[in-house]
Every structure is written in C-alpha cells, then in structure tokens.
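Working notes for the structure below.
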Amino acid sequence: MTTTKHETEIKADERVPTIELVREFDARPEQVFRAHVDPELYARWIGPHSVTTRVTRWDARTGGEWAFANDRDGEEIATFYGSFHEVRPNERIVWTFTYEGQPDGVALETLTFEELEGGRTRLRTLSVVEDFETRDGILSSGMDVGVREGYEKLDELLAKGA
C-alpha cells in the first residue's frame, strides 16, 4: 500500500447540504473517467482497503443503472445503488447514489473531470442531499477514510496504466 502524494479535499458547505470532494490524479481525464465507468476497474478501487467490491448491476450510460456490494472477510457489509442521469465521456457523470441501509438518503452527485497540464486530471464531485442531518450522517460515517483509501487504490491502478 502506497501513500498518495495528492490530498483529497472534503468540504461541507454550511449554507446548503452538500459535500464536495476535490482530488488530482497523475493521469489523463480519459483514464480517470474510464475508472469510473468500467465496472471491473471501479470494483478494484472504490472504498477502503478493508473491503472488496462486487458490482451487481452496471450500465454506464445516460439513463442506465448501477449497484454494488461491499464485502469484508467474505461477509456483505453494505450495498449501494443508483441511476446514471448523464454520462458525458471524459468530462462529466451525473448519478444518484443511495446506501441501501438508508434508502431515503439519496444523493445527487456530479463528477467533473478537468484536464490539467502535464496529462493530469482534477476530479470534482459535488454531492447534494436532502438535508443537513443526512449530510452530517454521511460525513460522520467514516466516508472520508473510504474516499481517501479508494483514491489511493485508484492512484495505483492509474500508475499501472489502467
């Protein structure tokens, strides 16, 4: 396990129930985008080091749907699902994101893939939820560890040319 050289910014706006993630990657937007829409790649990096991911549905196109489960030590610990609202190759993904354990806590997420100099990418994710209670629950769930460790795994995949 390597430590990343890029920090993940996690920001919560005090005026609206949003979470914004900002992270840079040493890879082109096409590569970072592909890692978000290719189910085999996505399963290899999403989430903390302590879990494995099984993709159970994946149709990464505008109007498609997705679902995956996280397992720890062979036991299912969480499942997630949603819909792809918009998939604009190498530029933007808009999807819903729902933790099955809290089906009323759906988030609308917009991911943008910004090209930077030197073949790098800035990924911005803006997650909008219904209320501050839901947002604060997500923030206190340990999601920061999952996000940071997942992006470390993504760094490793991208460094291998995935």
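Looking at Arg23 and Asp155, a side-chain N of the basic residue comes within less than 4.0 Å of a carboxylate O on the acidic one, giving a salt bridge. Under the 4.0 Å criterion applied to side-chain N and carboxylate O atoms, Arg88 and Glu86 are assigned as salt-bridge partners. Arg135 and Asp131 are not joined by a salt bridge, as no carboxylate oxygen comes within less than 4.0 angstrom of a charged side-chain nitrogen.
The backbone N or O of Arg122 sits nowhere less than 3.5 Å from a side-chain atom of Glu114 that would complete a donor-acceptor pair. Between the side chain of Thr121 and the main chain of Ala27, a donor-acceptor pair closer than 3.5 Å is present. Judged by distance alone, with hydrogens and angles left aside, the side-chain atoms of Thr134 form no donor-acceptor pair with the main-chain N or O of Glu130 at under 3.5 Å. A donor-acceptor contact shorter than 3.5 Å is absent between the side chain of Glu156 and the backbone of Lys153.
In this structure, the side chains of Arg54 and Asp71 come closer than 4.5 Å at one or more pairs of heavy atoms. For the pair Glu100 and Tyr81, the minimum side-chain heavy-atom distance is below 4.5 Å. Under the 4.5 Å side-chain criterion, counting only non-hydrogen atoms from C-beta, Arg92 is in contact with Thr110. Looking only at side-chain heavy atoms (C-beta outward), Tyr151 and Leu21 come within less than 4.5 Å of each other. In this structure, the side chains of His6 and Arg120 come closer than 4.5 Å at one or more pairs of heavy atoms. A heavy-atom distance below 4.5 Å is not found between the side chains of Thr96 and His85. Looking at heavy atoms from C-beta onward, Leu123 lies in side-chain contact with His36 at the 4.5 angstrom threshold. The shortest side-chain heavy-atom distance between Asp73 and Glu75 does not fall under the 4.5 Å cut-off.
A distance of 4.0 Å separates CD of Glu109 from OG of Ser127, quoted to the nearest 0.5 Å. If you take CD on Glu9 and CD on Glu24, they are separated by 8.5 Å, rounding to the nearest 0.5 Å. Glu40 CD to Thr53 OG1: the interatomic distance, rounded to the nearest 0.5 Å, is 13.5 Å.
Minimum interatomic distance between Ala69 and Thr79 (heavy atoms only, all atoms of both residues): CB-CG2, 3.6 Å. Closest approach of Leu157 and Leu41 over heavy atoms only: CD1-O, 3.9 Å. Ala107 and Val129 make their closest contact through CB-CG1, 3.7 Å (heavy atoms, listed as atom of the first residue, atom of the second, distance). Nearest heavy atoms, Met143 versus Ile138: CG-O, 3.0 Å. Between Val55 and Ala43, the shortest heavy-atom contact is CG2-CB, 3.9 Å. Nearest heavy atoms, Ile46 versus Phe68: CG1-CZ, 4.3 Å.
Both Phe80 and Phe84 are members of a single hydrophobic cluster when ILVMFWY side chains are connected at heavy-atom separations under 4.5 Å. Following chains of ILVMFWY side-chain contacts shorter than 4.5 Å, one can reach Phe97 starting from Val147, so the two form part of one hydrophobic cluster. Taken together through direct or relayed side-chain contacts under 4.5 Å among Ile, Leu, Val, Met, Phe, Trp and Tyr, Trp58 and Val87 form part of one hydrophobic cluster. Linking ILVMFWY residues whenever their side-chain heavy atoms come closer than 4.5 Å, directly or via other members, leaves Ile19 and Leu108 in distinct clusters. Residues Val37 and Leu154 share a single hydrophobic cluster, defined by chaining ILVMFWY side chains whose heavy atoms lie under 4.5 Å apart.
With no hydrogens or angles considered, no side-chain donor-acceptor pair links Asp13 and Thr18 at under 3.5 Å. In summary, the side chains of Arg148 and Thr8 do not present any donor paired with an acceptor at a separation below 3.5 Å, with no hydrogens or angles considered.
Under a cut-off of 6.0 angstrom, the local environment of CD in Glu30 is crowded, with over 12 non-hydrogen atoms contributed by other residues, nucleotides or ligands. The neighbour count for Glu133 CD, taken as heavy atoms of other residues, nucleotides or ligands under 6.0 Å away, does not exceed 12.
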Assess the residue pair Val22 and Lys11 against the criterion (side-chain contact (heavy atoms from CB on, under 4.5 Å)); give the C-alpha distance rounded to whole Å, side-chain angles, the decisive distance to 0.1 Å, and a yes or no. CA-CA 9 Å; Val22 181; Lys11 303 182 232 178; 4.3 Å; yes
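Ring pair Tyr42/Trp45 is perpendicular by interplanar angle, where above 60° counts as perpendicular and below 30° as parallel. The aromatic rings of Trp66 and Trp95 are tilted relative to each other, their planes meeting at an angle between 30° and 60°.
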